[in-house]
> 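Quick one: the structure is below, and I'll ask about it shortly.
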Amino acid sequence: MLKLKNVYKDYYDFEFELKDISFELEEGYIMGLIGPNGAGKTTIINLIMNLMKPTKGEIEIFGRKNILENNEYIKDNIGFVFDESIYPPYLNLDKLEFIHKNTYSNFDKEYFDELVDRFKISKLKKLKDQSKGNIMRTQIVLALSHNAKFIVMDEPSQGLDPVVRRELLKVLREYRERTDAAILFSTHITEDLEQIADYITFINRGELVFTTDIESLRDKYKILKTTTEKKRLYDGQNFIGFEEKDSYFSGLIEKENIKNLAEGDILREATIQDIMYYYGK
């Protein structure tokens, strides 16, 4: 469905560079794309959406090279949500529905109306008069309205309250089941990914840290907590990152690097947020 092969993006006049990114996403699966601000997530999404060209490497979507000759077919089968709306602010959802109906070959009027009702969006209110959350919901409805085989989302939870976020995750699960679509989901709200993602790809400083299924991730990384007095027992062990306070020490470590666990110390599963935090340490 989606393949990135040794993708580089050099901005030349900026310090940032995307370096040697390779990962794959098959149909029917959801991948969370994570990393701190400035890590390269939006650059990857822009490359996938063909809004910019890689300096080196290849991107394939639906088994086709992501180049101009294939752009019409690929875009017809992608639904996208950007962190900022790309739609003119003077339009309303009624006009955007008309545009999408005449743009996409598989526009589904019945499902579109169902989503409008579920997300409680006005069709007549102009985007410029809507809240940021409602504009994001509008983008989500439009992205899912034409039975796209691949959904690309950059911070779709941004501006949504917890109730609507939960509804979004439910809608994405249902959409994946009804269409067998692949979904690439970039977000800083990592608890959403804990609930929905099958795979996690972690980008940091323009480099790929890992891409793996979420169960392997949970099994591999652990958080070890001990007291500052007992931390010497773990000297020489390969912590990825750690935090030390007056009375306690905690660190992210791969399970295979834990030699002995002292009595009373805690070893727990690392969350996605833990992994991002300690890699930054």
Side-chain angles (χ1 to χ4, degrees), residues 1-7 9 18 21-37 39-52 54 57-66 70-71 73-84 86 136 139-158 160 165 168-204 206-214 216-217 272 275-276:
M1 177 67 75
L2 171 69
K3 292 182 181 181
L4 277 74
K5 302 177 183 178
N6 309 113
V7 171
K9 180 60 182 176
L18 199 67
I21 304 296
S22 297
F23 64 85
E24 298 184 14
L25 176 60
E26 298 295 332
E27 64 182 19
Y29 292 97
I30 298 174
M31 176 179 283
L33 184 63
I34 65 170
N37 288 333
K41 303 187 301 298
T42 297
T43 296
I44 288 172
I45 287 175
N46 286 338
L47 289 168
I48 290 169
M49 293 302 297
N50 214 7
L51 298 175
M52 58 175 63
E58 290 185 354
I59 298 174
E60 290 184 7
I61 305 175
F62 312 127
R64 306 182 184 208
K65 289 185 179 181
N66 193 27
N70 297 323
N71 199 49
Y73 174 83
I74 290 173
K75 290 291 177 61
D76 190 41
N77 288 284
I78 289 182
F80 55 88
V81 175
F82 290 121
D83 57 346
E84 296 290 340
I86 64 168
M136 185 60 72
Q139 285 201 87
I140 292 164
V141 169
L142 293 168
L144 302 180
S145 66
H146 58 280
N147 293 305
K149 299 175 185 177
F150 179 32
I151 304 297
V152 180
M153 296 184 154
D154 190 5
E155 299 289 346
S157 304
Q158 187 172 266
L160 302 181
R165 274 176 44 215
L168 168 61
L169 298 184
K170 183 179 179 182
V171 165
L172 290 179
R173 288 191 197 96
E174 293 171 358
Y175 186 84
R176 188 252 304 266
E177 289 169 7
R178 73 190 287 268
T179 63
D180 205 29
I183 300 174
L184 183 66
F185 191 117
S186 168
T187 183
H188 284 95
I189 306 177
T190 54
E191 56 263 39
D192 289 349
L193 298 179
E194 299 276 2
Q195 298 180 54
I196 198 171
D198 303 299
Y199 294 91
I200 298 293
T201 294
F202 181 19
I203 307 294
N204 193 28
E207 297 183 352
L208 179 67
V209 180
F210 59 72
T211 181
T212 186
D213 67 274
I214 196 163
S216 296
L217 189 69
I272 297 171
I275 293 167
M276 286 180 60

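The model shown is predicted, which means the values in this text are computed figures rather than measured ones.
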> Mind jotting down which residue pairs meet the salt bridge (charged side-chain N to carboxylate O under 4.0 Å, His left out) criterion with at least one end in residues 175-184? Sequence neighbours excluded, please.
Asp108-Arg178, Arg176-Asp198
> Tell me which pairs pass salt bridge (charged side-chain N to carboxylate O under 4.0 Å, His left out) where either residue lies in residues 21-37, with sequence neighbours left out.
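Checked against salt bridge (charged side-chain N to carboxylate O under 4.0 Å, His left out) - neighbours excluded - no pair reaches residues 21-37.
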> What residues form a salt bridge (charged side-chain N to carboxylate O under 4.0 Å, His left out) with Arg165, not counting sequence neighbours?
Glu191, Asp192
> Going by the ring pair (Phe, Tyr, Trp, His ring centres under 6.0 Å) test, which pairs reach into residues 177-202, not counting sequence neighbours?
Tyr29-Tyr199, Phe202-Phe210, Phe202-Tyr279
> What residues form a salt bridge (charged side-chain N to carboxylate O under 4.0 Å, His left out) with Lys170, not counting sequence neighbours?
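Once residues adjacent in sequence are excluded, Lys170 has no partner under the salt bridge (charged side-chain N to carboxylate O under 4.0 Å, His left out) criterion.
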> Output the distance between atom CD1 (Ile44) and atom CD1 (Ile21), rounded to the nearest 0.5 Å.
5.0 Å
> Supply the atom-to-atom distance Ile45 CD1 to Phe80 CZ, rounded to the nearest 0.5 angstrom.
12.5 Å
> List the steps, then state whether side-chain contact (heavy atoms from CB on, under 4.5 Å) holds for Leu172 with Ile196.
CA-CA 9 Å; Leu172 290 179; Ile196 198 171; 3.7 Å; yes
> Measure the spacing between CG of Leu184 and CE of Met1 and express it to the nearest 0.5 Å.
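The CE atom of Met1 is 12.0 Å from CG of Leu184, to the nearest 0.5 Å.
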> Please find the pair of heavy atoms, one from Met136 and one from Phe82, that lie closest to each other, and give the distance.
CE-O, 3.8 Å
> Report the C-alpha distance between Phe150 and Leu25 in whole Å, list the side-chain angles of each, state the deciding distance to 0.1 Å, and finish with yes or no for side-chain contact (heavy atoms from CB on, under 4.5 Å).
CA-CA 10 Å; Phe150 179 32; Leu25 176 60; 4.1 Å; yes
> Using the test side chain to side chain donor-acceptor pair (under 3.5 Å), find all partners of Thr211 that sit at least two apart in sequence or belong to another chain.
Thr201
> If I compare all heavy atoms of Ile48 with all of Ile61, which pair ends up nearest, and what's the gap?
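In terms of heavy atoms, the two residues are closest at O-CD1, 3.5 Å.
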> Drop me the distance from Arg173's CZ to Ile183's CD1, to the nearest 0.5 angstrom.
10.5 Å
> Drop me the distance from Leu169's CG to Gln195's CD, to the nearest 0.5 angstrom.
5.5 Å
> Tell me if a side-chain donor or acceptor on Ser186 pairs with a main-chain N or O of Glu155 at a distance below 3.5 Å.
no
> The criterion is salt bridge (charged side-chain N to carboxylate O under 4.0 Å, His left out); which residues satisfy it with Lys75, sequence neighbours excluded?
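Lys75: no salt bridge (charged side-chain N to carboxylate O under 4.0 Å, His left out) contacts found.
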> Please name the pair of heavy atoms, one in Ser145 and one in Leu142, separated by the smallest distance, quoted to 0.1 Å.
OG-O, 2.8 Å
> With sequence neighbours excluded, tell me which residues meet side-chain contact (heavy atoms from CB on, under 4.5 Å) with Thr190.
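Per chain and number, Thr190 pairs via side-chain contact (heavy atoms from CB on, under 4.5 Å) with Ile272, Gln273, Met276.
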> Please identify each residue that fulfils side-chain contact (heavy atoms from CB on, under 4.5 Å) with Ala39, with sequence neighbours left out.
Pro36, Ile203
> Specify the closest pair of heavy atoms between Gly32 and Leu193, including all atoms of both residues, with the distance to one decimal.
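Shortest heavy-atom contact: CA-CD2, 3.7 Å.
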> Who are the side-chain contact (heavy atoms from CB on, under 4.5 Å) partners of Thr42, not counting sequence neighbours?
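For Thr42 the side-chain contact (heavy atoms from CB on, under 4.5 Å) partners, ignoring immediate neighbours, are Asn46, Asp154.
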> Do you know the tightest heavy-atom contact between Tyr175 and Thr179?
O-OG1, 2.7 Å
> Checking Lys41 side chain against Gly35 main chain: does a donor-acceptor pair fall under 3.5 Å?
yes
> Does Lys9 have any side-chain contact (heavy atoms from CB on, under 4.5 Å) partners at least two apart in sequence or in another chain, and if so, which?
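With sequence neighbours excluded, Lys9 shows a side-chain contact (heavy atoms from CB on, under 4.5 Å) to Tyr11, Leu18, Thr43, Leu47, Met52, Thr55, given in chain and number order.
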> Kindly give the heavy-atom pair with the smallest separation between Asn70 and Arg64, and that separation in Å.
ND2-CB, 3.7 Å
> Who pairs with Phe23 by ring-ring contact (aromatic ring centres under 6.0 Å, His included), at least two apart in sequence or on another chain?
none
> So how far is it from Met31 CE to Thr212 OG1, rounded to the nearest 0.5 Å?
9.5 Å
> Can Lys5 and Glu60 be counted as an ion pair, charged N to O under 4.0 angstrom?
yes
